[in-house]
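Report on one structure; see the data block that follows.
Counting from 1, the numbers follow the sequence of the chain as shown.
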Amino acid sequence: MKRTLFIYLLLCLCCSAYAQHGGVTFKSTDAALQTAFGRAKEMALSYKGKPGDPVGPWYESALPPRSAFCMRDVAHQSIGGEILGLDKENKNMFRLFVNNISESKDWCSYWEINHLGKPAVEDYRNDKEFWYNLNANFDILNASWKLYLWTGDEEYIKGAGFSNFHEKSVTSFIDSWVLQADSLLSRPTHPNAPVPFNDKDSFHRCRGLPSYSEGVPNIKMGIDLVGAIYRGLMSYADILDVKGERSKAKLYRKKQQLIRKVLMIFGGIHLFCVIILFTQPIISSVWMRAKPFCFGLMH
């Protein structure tokens, strides 16, 4: 905490920076630093959508050729967007994500939306066949909480669409995708898979990826998703506290702690495997026995 405060104080002493609806400005006695900042800001704002785009205000947050924005990237870039003055863009994109959660998609939203206001064809065919990383709901929930803290805009935590998305994400979404604390390490690989299931179709195989890591075949659970659930439940409890729902907040903090235990176990397993891997010359016989166990759990 002291280190963080020192960094903030140092920044205030070295330069002046402030953000309004027009975006952040920066002044420094270091001309090279100020030039670098100006160029970085200009580049960032070049990804802003066009005024006439059917989707409304937005900025590019996906692979460049798609003219689209995905849940992960918007959630991770939203505070930066606010600093740049892209508050209308943030609000519009978040509304689109939270309002498109549905039971027909097993409480997913649209992973990626294009400048036309449609689910991007690169990731969506219909409500039964689409690409989706399960971290997304919890990232949007947490980002909504952070945007409320940054802006004071209560819609991010109290608006009807946001409240519905947050509540469904910590209840129906978790149930549908078998993300309870006692199921994380034993859940099926493809819950809610289309029938018949086609393993060669990415819209079947990746309909509900349990991680942002997309290169591991048939992954059951990624530690990043466990962490996202943990953070999402924490943010939801914080939101409930602001709403005055103390007893309900206490319940979700208990659920958060159950996820934390899994997170510690998961992290311990990975650390154990890494230690064995790098001490192989010394304890190779132990490694040969442990390797199938370790990689079985990691995959």
Side-chain angles (χ1 to χ4, degrees), residues 70-72 74-76 93-113 119 123-124 126-146 156-194 203-214 219-240 243 245 248-249 251-260 262-263:
C70 77
M71 297 177 77
R72 175 192 57 211
V74 171
H76 294 177
M93 292 187 293
F94 270 77
R95 282 175 177 166
L96 287 166
F97 287 138
V98 301
N99 289 334
N100 278 295
I101 191 172
S102 67
E103 185 175 9
S104 62
K105 298 194 294 294
D106 297 299
W107 305 109
C108 297
S109 181
Y110 294 132
W111 168 250
E112 190 171 342
I113 298 173
D123 289 314
Y124 178 86
N126 56 57
D127 281 5
K128 297 300 180 185
E129 300 170 305
F130 57 87
W131 184 293
Y132 204 83
N133 299 70
L134 297 178
N135 309 50
N137 282 46
F138 306 106
D139 267 358
I140 290 293
L141 194 168
N142 182 44
S144 299
W145 169 243
K146 290 194 294 184
Y156 283 113
I157 62 169
K158 294 183 179 179
F162 286 88
S163 293
N164 177 64
F165 180 90
H166 299 160
E167 190 271 332
K168 289 293 190 296
S169 293
V170 299
T171 55
S172 303
F173 182 78
I174 284 178
D175 291 340
S176 182
W177 293 98
V178 198
L179 299 176
Q180 302 88 348
D182 59 357
S183 302
L184 291 176
L185 301 181
S186 60
R187 63 192 293 277
T189 305
H190 299 291
N192 307 310
F203 288 177
H204 288 210
R205 189 179 65 253
C206 301
R207 188 186 189 272
L209 285 170
S211 175
Y212 281 144
S213 177
E214 300 170 349
I219 183 172
K220 283 195 173 188
M221 179 57 54
I223 195 169
D224 59 322
L225 176 54
V226 183
I229 298 169
Y230 173 79
R231 179 64 249 192
L233 292 174
M234 182 190 297
S235 294
Y236 188 62
D238 290 337
I239 289 171
L240 291 173
K243 292 181 175 181
E245 300 179 45
K248 195 173 177 182
L251 170 65
Y252 279 95
R253 287 205 166 86
K254 288 181 179 179
K255 292 185 177 185
Q256 169 205 340
Q257 289 307 310
L258 292 176
I259 297 293
R260 181 178 181 273
V262 178
L263 191 61

Could you pull out the closest heavy-atom pair between [X] and [Y], with the gap in Å?
{"X": "Leu141", "Y": "Gly232", "answer": "CD2-O, 3.5 Å"}
{"X": "Trp131", "Y": "Asn133", "answer": "NE1-OD1, 3.0 Å"}
{"X": "Val178", "Y": "Ser183", "answer": "CG1-CB, 3.6 Å"}
{"X": "Ser176", "Y": "Asn192", "answer": "O-ND2, 2.9 Å"}
{"X": "Lys105", "Y": "Ser109", "answer": "CE-O, 3.4 Å"}
{"X": "Ser144", "Y": "Ile157", "answer": "O-CG2, 4.3 Å"}

Could you check if a side-chain atom of [X] sits within less than 4.5 angstrom of a side-chain atom of [Y], using non-hydrogen atoms only?
{"X": "Leu184", "Y": "Leu225", "value": "no"}
{"X": "Leu251", "Y": "Gln256", "value": "no"}
{"X": "Lys243", "Y": "Ser163", "value": "yes"}
{"X": "Ile229", "Y": "Leu179", "value": "yes"}
{"X": "Ile174", "Y": "Trp107", "value": "no"}
{"X": "Arg187", "Y": "Met221", "value": "yes"}
{"X": "Val170", "Y": "Asn137", "value": "no"}
{"X": "Arg72", "Y": "Trp111", "value": "yes"}

Compute the ring centroids of Phe138 and Phe173, then answer whether they are less than 6.0 Å apart. yes

For the aromatic rings, using the six-membered ring if either is Trp, is the centroid distance between Tyr252 and Tyr236 under 6.0 Å? yes

Any chance you could measure [X], atom [atom1], to [Y], atom [atom2], to the nearest 0.5 Å?
{"X": "Asn142", "Y": "Ile239", "atom1": "CG", "atom2": "CD1", "value": "8.5 Å"}
{"X": "Arg253", "Y": "Arg260", "atom1": "CZ", "atom2": "CZ", "value": "14.5 Å"}
{"X": "His190", "Y": "Lys220", "atom1": "NE2", "atom2": "NZ", "value": "10.0 Å"}
{"X": "Phe165", "Y": "Ile140", "atom1": "CZ", "atom2": "CD1", "value": "6.0 Å"}
{"X": "Glu103", "Y": "Cys108", "atom1": "CD", "atom2": "SG", "value": "12.0 Å"}
{"X": "Met234", "Y": "Ile259", "atom1": "CE", "atom2": "CD1", "value": "12.0 Å"}

Going through the distances and angles, do Glu112 and Val74 end up as a side-chain contact (heavy atoms from CB on, under 4.5 Å)? CA-CA 10 Å; Glu112 190 171 342; Val74 171; over 6 Å; no

In terms of ring plane angle, is the pair Phe162 and Phe94 parallel, tilted or perpendicular, where the classes change at 30° and 60°? parallel

Let's go through Asn164 and Ile101 carefully: what are the C-alpha distance in whole Å and the side-chain angles of both, what is the deciding distance for side-chain contact (heavy atoms from CB on, under 4.5 Å) to 0.1 Å, and is it a yes or a no? CA-CA 9 Å; Asn164 177 64; Ile101 191 172; 3.8 Å; yes

Can Arg207 and Asp127 be counted as an ion pair, charged N to O under 4.0 angstrom? no

Less than 4.0 Å between a side-chain N and a carboxylate O, is that true for Arg231 and Asp139? no

After noting the C-alpha distance and the side-chain angles of His204 and Glu129, does the key distance pass the side-chain contact (heavy atoms from CB on, under 4.5 Å) rule? CA-CA 6 Å; His204 288 210; Glu129 300 170 305; 2.8 Å; yes

Distance-only side-chain donor-acceptor flag, [X] / [Y], under 3.5 Å:
{"X": "Asp175", "Y": "Trp177", "answer": "no"}
{"X": "Asp224", "Y": "Ser211", "answer": "yes"}
{"X": "Lys128", "Y": "Ser104", "answer": "no"}
{"X": "Tyr110", "Y": "Asn99", "answer": "no"}

